[in-house]
Amino acid sequence: MVTVKFVRDDGKEFLIDNVTWKIPSDGLVGFDSVPHEIKTQANAQMDGSKTQSKRVAEKDRTVTAVLVNRNLNSTMREIVQRFFGVKRDFKVYVNYNGNEKYCEGSLYDFSMPTENIYGFITMEVTILSPQPYLLSVDEFGKNIGGLEGGLEFDFEIPETGIEFDRFAFAQEVDISNDGDVETFMRAVMIAKGEVVNPTLKKGDYFIRILDTMQDGDVIEIDFVKTPPTVKKNGVNIIGKTTRDSNFKDMVLSIGTNTIGYEADTGDTALDVYIYYNKRYGGM
């Protein structure tokens with residue numbers, strides 16, 4: 001069974017539920033793969049060529065659905081026309097036999113033929129995604145600076161003890177990316193006291209911010225956006241990152257990635273949440 005949910009940029013939703021609307025056997029186009037572009041150059045003195053570059057271009061995907069009940073033709077035509085409109089952005093969630101992924105992009109094409117007002121209504125929606133991959137629905141959020149387990153201290157009084165939470169002083173978390181390609185993360189730092197010059201790390205690469213956070217301050221480093229952004233309480237502070245900060249290599253490679261943080265002072269007063277979506281070539 002296939003269901004498709006469109007979520008518009010203002011939060012409104014439209015569901016192709018396989019009951020009122022049904023998707024025909026050829027109703028999903030472009031959800032099986034992404035376009036590969038490989039550029040080569042012929043070898044000057046040998047057979048064959050050498051690869052110059054590989055990239056995956058933007059991707060358009062089309063959903064076709066048929067209205068099951070012709071008595072709803074007039075009502076549904078108006079609802080659908082108003083929902084999709086023009087110049088709108090959407091997230092498209094596809095559940096294909098229990099496997100759910102989504103893509104996002106802009107409305108590229110929309111049609112709802114008017115030839116026969118008594119026939120079954122068919123609509124066709126095409127979304128163009130500049131970021132071509134399908135994404136996992138779960139953002140897999142992890143708190144690097146969270147509390148772990150419990151640590152019990154026993155006293156001399158028999159059968160007496162106190163249960164404490166303890167901080168993850170290693171300040172690192174392993175993130176598993178078992179998607180089809182590398183992906184990008186969004187880091188949210190929340191101060192629970194004074195934190196001086198927080199740094200986000202991945203192996204030898206890091207983003208260091210020359211700034212003092214106070215209790216309640218939030219810094220968000222978003223590598224998903226192009227170019228990446230660094231904001232404190234919603235205000236751009238990318239100019240406070242050090243010159244040796246490396247945005248290019250802070251990617252989540254396929255496999256296990258160790259992400260950590262530190263600060264000049266106050267690192268135990270910092271919660272750091274890492275969010276990421278796995279990326280796939282098809283359903």
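Salt bridge annotation for Lys192-Asp215: absent, with no cationic side-chain nitrogen under 4.0 angstrom from a carboxylate oxygen. Ion pair Lys232/Glu220 not flagged as a salt bridge, since none of the NZ, NE, NH1 or NH2 atoms sits closer than 4.0 Å to an Asp/Glu carboxylate oxygen. Under 4.0 Å is where a charged nitrogen must lie from a carboxylate oxygen, and between Asp9 and Lys91 no such pair does.
Atom CG of Asn95 sits about 4.5 Å away from atom OG1 of Thr3, to the nearest 0.5 Å. Atom CG of residue Leu134 and atom CG of residue Asn277 lie 11.5 Å apart, to the nearest 0.5 angstrom. Taken to the nearest 0.5 Å, the CD atom of Glu262 stands 5.0 Å off from the OG1 atom of Thr199. Separation of atoms CD (Gln41) and OG (Ser49) is listed at 8.5 Å; rounding is to 0.5 Å. Atom CD1 of Ile127 and atom OH of Tyr108 lie 12.0 Å apart (nearest 0.5 Å). Atom CD of residue Glu139 and atom OH of residue Tyr276 lie 11.0 Å apart, to the nearest 0.5 angstrom.
More than 12 non-hydrogen atoms from other residues, nucleotides or ligands lie less than 6.0 angstrom from CZ of Phe140. A 6.0 Å sphere centred on OH of Tyr275 holds more than 12 heavy atoms belonging to other residues, nucleotides or ligands. Heavy-atom neighbours of Lys201 NZ from other residues, nucleotides or ligands within 6.0 Å: above the threshold of 12. Atom CD of Gln81 has more than 12 neighbouring heavy atoms from other residues, nucleotides or ligands inside a 6.0 Å radius.
Results of the side chain to side chain donor-acceptor pair (under 3.5 Å) test with Thr126 over Asp109, Thr62, Thr64 single out Thr62 as the only residue that passes.
Aromatic rings from Tyr93 and Phe6 are positioned such that their centres are separated by 6.0 Å or more. Under the 6.0 Å cut-off for aromatic ring centres, Phe247 and Phe206 do not qualify, their centroids lying 6.0 Å or more apart.
The closest donor-acceptor contact from the side chain of Asp222 to the backbone of Arg186 lies at 3.5 Å or more, if one exists at all.
Legend: residues meeting salt bridge (Lys or Arg N to Asp or Glu O under 4.0 Å) with Arg208, ordered by chain and number and at least two apart, are Asp264.
Within the cation-pi definition used here (under 6.0 Å to the ring centroid, within 45° of the axis), Arg8 qualifies as a partner of Phe83.
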